[in-house]
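Reading through the structure tokens given below for one structure.
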Amino acid sequence: MSSYLDQLNPVQRQAAENTDGPVLVVAGPGSGKTRVLTFRIAHLIEKGVPPWEILSLTFTNKAAKEMQERIEKVVGDKARNVWSGTFHSIFARILRVEADKIGYSPNFTIYDTEDTKSVLGAIIKEMNLDKTVYNVNTIRSRISSAKSSLITPRLYAENEELKMQDRQAKMPYISEIYLKYGERCKRAGAMDFDDLLYRLYELWQKNPDVLEKYRKRFKYLMVDEFQDTNTLQYGIIRKLVHFEGSPRNICVVGDDAQSIYAFRGATIQNILDFEKDFSPYGIKVFKLEENYRSTEHIVQAANEVIRFNKRQIQKKIWSSKGNGQKIKVIKTMSDAEEGKRVGDTIVEQRNRFHLSNSDIAVLYRTNAQSRVMEEYLRRYNIPYRVFGGLSFYQRKEVKDLIAYLRLAINPRDEEALRRVINFPKRGIGDSTVDKISEMGGQQNLTMWEVLLHVDAATRTQKSIQEFIKIVQESGQKAETLNAYEAAMYIAKQSKLIEEYNQDKTVEGLGRLENLNALLDGIKSFVEDDEFETAAEQQNKSLGSYLQNIALLTDMDDESKQTGDYVTLMSVHSAKGLEFKSVFVVGLEEKLFPSFMSMDTPDGLDEERRLFYVAITRAEQFLTLTFAMSRYKFGQMQYNEMSRFIEEIPRDHLESTSALRSGFSADYEPTPSKSGGTSGVSGAFKPRPSSANAAPKIDPALFKPSPSEQIKIGSKVLHLKFGEGKVLNIDGGKDNRIATIFFEAADDEKEKRIMLKFAKLQIVE
DNA sequence: GAAGTGATGTTTTTT
DNA sequence: ACATCACTTC
């Protein structure tokens, strides 16, 4: 049973076998790092290390799950006892156990970004600050990075540099807001994402005995995507393994070239520090440079592009998969046309290379770009799924019900309370809510506690009593019933179902459907034991369910991962994934690289790493597109081609004509006198790909033009051969024969066609 | 307190 | 383009 190690190349194998002492694995894209981590863990277990002494940290639930499954394949059920999960989920689990030591209940709520912003908004309002100056997003990110740098509100207030920055930004009160925010979260029994890290650090800092317990428990530590860790995360890791007498069994895997989360505090300094911190203890460094994912043109393009970055760990990835296809570049006049051309190309690739939809991904810099893409994929009848953006759990109606569920578990949860205290409407208006909130602020009480004692006008008072009753009864049900039964009860008692039932509009029906989907989800949580791992001693309570979903993102939506769909997602979300064919769209200056980061060298480098991540997702086909104009804020913007395309040596590109001309690959465009039609709304004319395969022209949209109008230079559409350009016309008046060049034809691209009989539609 | 209307800013990425 | 939010009116 030792054969599993034979599946690794020599370097991978060494990285997997050197289980004792510190190890740094620098792993290029597609170099099999997950494989190394999996086999490493499997190897440990085979050697007799108890699975529960192994801690494996990743960034996404998806990566964690994949890892778990792959270990299971090698070592079987024992894999279930490995502590494997995201930083946030593992730390939350520990914090629930130790909650009392830091003044929290094990039932603490996790505030998501929206909750956080809402709390901040309330504080700003109460402090009578101008919220156009005190922008919640800015403040949230400042507080977040403070926490990630271990700066408490107090340290913040004493930090001259921060104070000066705040004064310059005309927001001198940020440190006060930070302080209040912390108090409020604590009072509400809530932690935000950063707290899950920060509070654990603090817990270990203040309670050496607790830290000791975990040092003993986790004998082997593994960290994936180490380049994305922030200072705080590394701090926690260090506490766990970097101490006097520790065997320092830690393995971190990362790639500085794929560090794309600097904006939320990640720093590749951690990689450098790691090397420094552990070098006295015999650190071993392995570099995985063979890329098993992509063909040579793609890999080399990636290498060349990343060379434009200043600092980096010396590393050059290579592929033994052969040259493969060159990278295709498509230039279009507008974002709409970009959508069309991507649609075209997808159809073509499916036909010519027998790709499934699920082999294909469209990646973009900003989620907003999905709109246009979706519109055109829909027109082409190409099935797709959009990942990212707001997840199922972030939809209004879903959040509404979840807010009631959260209140049942933790009535001090202020954000949940605010959300539903008057929804469905029960006569507790804004002014009442503000009053309650203010009283809470003054007396250091939560809104819930204020509610319990409030004296208000009798009518309002009655409504409040009603609300209190719902929450209290919900709480009782949550204790006695399982998650599903409790949720059903709450959904009915709160009148949420009734409320959405009354809305008979299309959206209303969708909302009701979503509510039911949520309830179904809870049901399967109760029935399904897939979630159960011995390590987390799951039960089926409502509280347990809420803990489970609090850290889920849209990427974890399983229903989206099955079936034959083209994937649409941001480049950030695509990290760690791979597809046979990848489209990177919107490659324009100010979009990719983003205008937000292109002014600073560091920002630009990060954008370039992001581009590096994007192109290295592709196994065989890589298509880069850019549009000369696109709508932004409802206004037309004119853009230039991204510098990143120019940074790819031309010999990796399929045709360079796209870089010059307005039209695709192989022929020059014909300037049209009647003003450009391409892309600007108007009729939609698909451009089929292959003459042999069934062309994907919708006959309903095909309108043959009178043959007299066809001239040399016309661009025409043929039902079978697709789009072509008229190169020549000869023959007499009634027997005119056109020589037409069809780009998409497989065999002879130039065809001679009798205009009298042919059905051709003039495109321009 | 609810419901309707006009002004305003927003979009970089996510656990 | 779109949503959110302040403001008005009932």
Side-chain angles (χ1 to χ4, degrees), chain A residues 57-64 85-92 110-114 116-118 121 125 131-132 135-138 140-141 144 147-148 191-198 225 228-230 232-233 259-266 335 363-372 375 387-391 393-394 396 422-434 456-457 459-460 463 549-556 569-576 586 590-598 603-604 606-607 609-611 613-614 630-637:
Chain A
L57 297 172
T58 55
F59 271 84
T60 62
N61 296 297
K62 206 172 164 220
T86 64
F87 280 86
H88 291 86
S89 71
I90 297 273
F91 293 175
I110 295 173
Y111 275 175
D112 65 14
T113 311
E114 225 182 288
T116 297
K117 288 202 282 198
S118 162
K125 195 169 170 190
K131 68 174 181 185
T132 57
N135 175 294
V136 280
N137 284 312
T138 316
R140 195 197 63 81
S141 96
S144 171
K147 275 189 198 166
S148 307
M191 293 198 200
D192 66 17
F193 290 141
D194 300 310
D195 285 331
L196 294 177
L197 313 179
Y198 181 74
E225 308 279 15
D228 289 333
T229 50
N230 62 31
L232 176 51
Q233 283 160 329
S259 162
I260 54 174
Y261 286 107
F263 71 92
R264 63 175 203 215
D335 47 358
L363 309 182
Y364 33 75
R365 177 65 242 265
T366 65
N367 282 311
Q369 289 166 259
S370 76
R371 246 167 204 287
V372 193
E375 188 183 333
F387 289 83
L390 78 163
S391 87
Y393 299 103
Q394 288 173 314
K396 279 187 198 71
N422 198 32
F423 187 85
K425 298 233 156 26
R426 53 173 70 84
I428 308 175
D430 290 348
S431 58
T432 309
V433 173
D434 284 352
R459 200 163 40 133
T460 312
S463 305
I549 61 159
L551 295 165
L552 290 184
T553 69
D554 189 46
M555 301 294 295
D556 307 312
M569 58 169 62
S570 72
V571 180
H572 279 90
S573 331
K575 198 170 64 155
K590 296 182 184 165
L591 181 59
F592 198 175
S594 159
F595 71 101
M596 295 293 290
S597 1
M598 59 194 298
L604 193 58
E606 172 138 323
E607 295 287 315
R609 291 192 294 270
L610 196 52
F611 182 63
V613 167
R630 80 171 57 240
Y631 278 96
K632 194 182 182 188
F633 303 150
Q635 285 234 303
M636 184 80 94
Q637 300 263 311

Quick note, N422(A) side chain, CB onward, closest among dT12(B), dA2(B), dT10(B) is dA2(B)

Taking dT11(B), dG1(B), dT14(B) as options, the one with an atom nearest any side-chain atom of S570(A) is dT14(B)

With sugar-phosphate meaning primed atoms plus P, OP1 and OP2, does K425(A) contact a base, only sugar-phosphate, or nothing at under 4.0 Å between heavy atoms?
sugar-phosphate

Nearest-Å distance once atom P is located in both dT4(C) and dT13(B):
16 Å

Rounded off to whole Å, could you give me the NE2-to-P distance for the H572(A) and dT14(B) pair?
7 Å

Kindly point out which of dA1(C), dT12(B), dT15(B) is positioned nearest to the side chain of F633(A)?
dA1(C)

Classify F59(A) by what it touches in the nucleic acid, base, sugar-phosphate, or nothing, heavy-atom distance under 4.0 Å.
sugar-phosphate

Describe, in one word, how the ring planes of F87(A) and F59(A) are oriented to each other, choosing from parallel (under 30°), tilted (30 to 60°) and perpendicular (over 60°).
tilted

So D194(A), base contact, sugar-phosphate only, or nothing? Heavy-atom distance under 4.0 Å.
nothing

Taking the minimum atom-to-atom distance to the side chain of S573(A), which one of dT15(B), dT11(B), dT14(B) wins?
dT14(B)

Separation between the C1' atoms of dT12(B) and dC5(C), rounded to whole Å:
24 Å

Just say parallel, tilted or perpendicular for the rings of Y261(A) and F263(A), cut-offs at 30° and 60°.
tilted

From C-beta outward on T86(A), which listed nucleotide comes closest to its side chain: dA2(B), dT15(B), dG1(B)?
dT15(B)

For F592(A), answer base if it contacts any base atom (sugar-phosphate contacts may also be present), sugar-phosphate if it contacts only those atoms, and nothing otherwise; contact means non-hydrogen atoms under 4.0 Å.
nothing

Mind listing the N/O atom pairs, protein and nucleotides 5-8 of chain C, below 3.5 Å?
{"from": "dC5(C)", "atom 1": "O3'", "to": "K131(A)", "atom 2": "NZ", "distance (Å)": "3.3"}
{"from": "dA6(C)", "atom 1": "OP1", "to": "K131(A)", "atom 2": "NZ", "distance (Å)": "2.1"}

Rounded to whole Å, please give me the gap between CZ in F423(A) and C1' in dG1(B).
16 Å

Can you tell which of dC2(C), dT14(B), dT15(B) lies closest to the side chain of R371(A)?
dC2(C)

What is the separation between atom OH on Y631(A) and atom P on dT10(B), rounded to the nearest whole Å?
22 Å

By the 4.0 Å heavy-atom rule, please label T113(A) as base, sugar-phosphate, or nothing.
base

Specify the separation, in whole Å, of atom CG of N367(A) and atom P of dT12(B).
11 Å

Quick check for you: among dT15(B), dG1(B), dT11(B), whose closest atom lies nearest to any side-chain atom of T460(A)?
dG1(B)

Taking the side chain as every heavy atom from C-beta outward, state whether S148(A) and D194(A) have any pair of such atoms under 4.5 Å apart.
yes

Need to verify one output field. Residue with the more 5' nearest nucleotide on DNA chain B, R264(A) or G429(A)?
G429(A)

Presence of N137(A) side-chain N/O under 4.0 Å of dT11(B) phosphate oxygens OP1/OP2:
yes

Would you classify S89(A) as touching base, sugar-phosphate or nothing, given that sugar-phosphate means primed atoms plus P, OP1 and OP2, and contacts are heavy atoms under 4.0 Å?
nothing

Touch check for D195(A), heavy atoms < 4.0 angstrom, all strands: base, sugar-phosphate only, or nothing?
nothing

So which nucleotide from dG1(B), dT12(B), dT14(B) ends up closest to the side chain of S594(A)?
dT12(B)

To the nearest Å, give me how far apart NZ (K117(A)) and C1' (dT14(B)) are.
12 Å

Base, sugar-phosphate, or nothing for N135(A), non-hydrogen atoms under 4.0 angstrom?
sugar-phosphate

Within the stacking criterion (centroid distance below 5.5 Å, interplanar angle below 30°), does F87(A) stack on dT15(B)?
no

Hey, which of these two, T60(A) or T366(A), hits DNA chain B nearer its 5' end, going by closest nucleotide?
T366(A)

K125(A) atom NZ is separated from dT4(C) atom C1', nearest whole Å, by 14 Å

